[in-house]
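A quick write-up on the structure given underneath.
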Amino acid sequence: MFSKLLRKLTSQDKKNSKNEAKKRLQFALVYDKLEIDDSTLKDLQNDIIQVISRYFDIDKDSLSLEIERGEDKSALVFNTPILNMKRR
Amino acid sequence: MEGKIIVITSGKGGVGKTTATSSIGAALAMLGNRVVVIDMDIGLRNLDVIMGLENRIVFNIVDVVNNRCKISQAAIKDRRIDNLFLIPASQSDNKDVLTTKGVERVAKKLKKEFDFIIMDSPAGIERGFENSVVSADEALVICTPDVSAIRDADRVIGLLYSKSITPKLIVNRIEPARVARGEMLSHQDVLDVLSIDIAGLVPLDEYVLTSSNMGMPLVLQKESKAGQAFTRIARRLNGETDLPIEVPTHRTGMWKTISKKFGFTK
């Protein structure tokens with residue numbers, strides 16, 4: 001019983017574990033919402049290609065669209081080689 | 001007047017959807033409404049056994065949607081509570097057997113015959129969930145105060161919003177003593193994370209298991225704290241919108257606190 005008592009008085013890890021839970025949850029929920037499903041990403045890619053193609057000839061086979069996640073910021077990165085400028 | 005369809009859902013399994021459905025359904029019936037509770041968990045039915053109606057099943061919701069029987073043939077009447085009916089799930093069918101179109105057609109009929117139609121959604125966000133929410137006028141999302149249930153609740157809340165349904169939250173299995181010790185997220189913490197209106201707060205309660213053992217409605221156990229909480233939720237759904245949300249508390253006498261500190265009681 002004495003060791004139990006000692007443990008009770010010294011252990012702090014269980015206490016306030018809820019604050020840890022809350023912090024982790026808030027982060028996870030933000031992070032979860034940045035996830036985008038494949039079909040939406042494909043739609044977005046097609047829309048972007050359409051717009052860019054009005055101004056440039058681009059290589060549609062070697063472009064990429066990605067979401068890059070950082071510690072506190074996330075970025076949408078679209079990368080495409082330009083073949084030609086379109087004369088308007 | 002047309003009845004109201006309320007879906008009870010959670011994303012995560014095992015957080016108390018079925019208990020909530022049977023309790024809120026029973027409480028609404030005891031308040032004088034004509035109520036049907038429907039088990040939408042095709043292939044894994046449980047609402048019938050929680051309500052103690054498992055040996056009276058003849059037809060089920062799949063039979064109703066596929067026009068194999070009338071609603072009145074599938075709806076089992078509870079003998080203890082007037083005006084409470086259960087339409088069970090099918091145990092043998094695949095969960096993809098229902099379509100949203102079929103459910104919508106039946107929902108229209110149900111609204112003419114009942115004041116409240118409570119749908120017990122299956123866990124998950126697949127077909128069964130879609131079928132449960134397609135005709136819903138209101139949604140109750142239920143979660144327990146743990147990280148996985150809250151995260152799943154957030155996902156479900158987002159899906160409901162995208163269907164133009166504004167859900168309300170039930171926090172279930174609150175342990176006030178642990179909340180007081182900082183071991184468990186309080187309902188306020190949960191609300192900070194989820195930003196949603198609350199429908200009710202339900203404490204952890206031993207009566208939930210024992211009344212399910214007996215197939216007895218929880219709300220008939222007068223002593224049950226969880227039963228009382230579900231009744232209050234039902235009263236709010238029934239129009240008493242200004243009935244305050246009761247926060248589960250624990251009584252700590254001085255002696256209890258001292259003995260706890262020294263490890264005599266848990």
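By convention in this document, chain letters (A, B, ...) are assigned in the order of the sequence lines, proteins followed by strands, and residues within each chain are numbered from 1.
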Check: Any chance NZ of A:Lys33 has more than 12 other-residue heavy atoms, nucleotides or ligands included, within less than 6.0 Å?
Finding: yes
Notebook entry, point to check: Can you list the steps and then say if B:Leu194 with A:Leu25 is a side-chain contact (heavy atoms from CB on, under 4.5 Å)?
Noted result: CA-CA 10 Å; B:Leu194 290 179; A:Leu25 259 174; over 6 Å; no
Note to self: Counting only heavy atoms not in B:Lys225 (residues, nucleotides, ligands), do more than 12 fall under 6.0 Å from its NZ?
What the structure shows: no
Note to self: Taking ring pair (Phe, Tyr, Trp, His ring centres under 6.0 Å) as the cut-off, I'd like each qualifying pair that reaches into residues 137-157 of chain B, sequence neighbours left out, listed once.
What the structure shows: none
Notebook entry, point to check: Within a reach of under 6.0 Å around CD of B:Glu206, are more than 12 heavy atoms found that belong to other residues, nucleotides or ligands?
Noted result: no
Check: What do you reckon, is CG of A:Asp47 surrounded by more than 12 foreign heavy atoms closer than 6.0 Å?
Finding: yes
Check: What are the two closest heavy atoms between B:Asp192 and A:Lys22, and how far apart are they?
Finding: OD2-NZ, 2.8 Å
Notebook entry, point to check: Hey, is CZ on B:Arg105 packed in by over 12 heavy atoms from elsewhere, all under 6.0 Å?
Noted result: yes
Item checked: Neighbourhood of chain A inside residues 145-156 of chain B, taking heavy atoms under 4.5 Å as contact -> B:Val147, B:Ile150, B:Arg151, B:Asp154
Checklist line | Distance, nearest 0.5 Å, that separates OG of A:Ser17 from CZ of B:Arg181 | finding: 10.5 Å
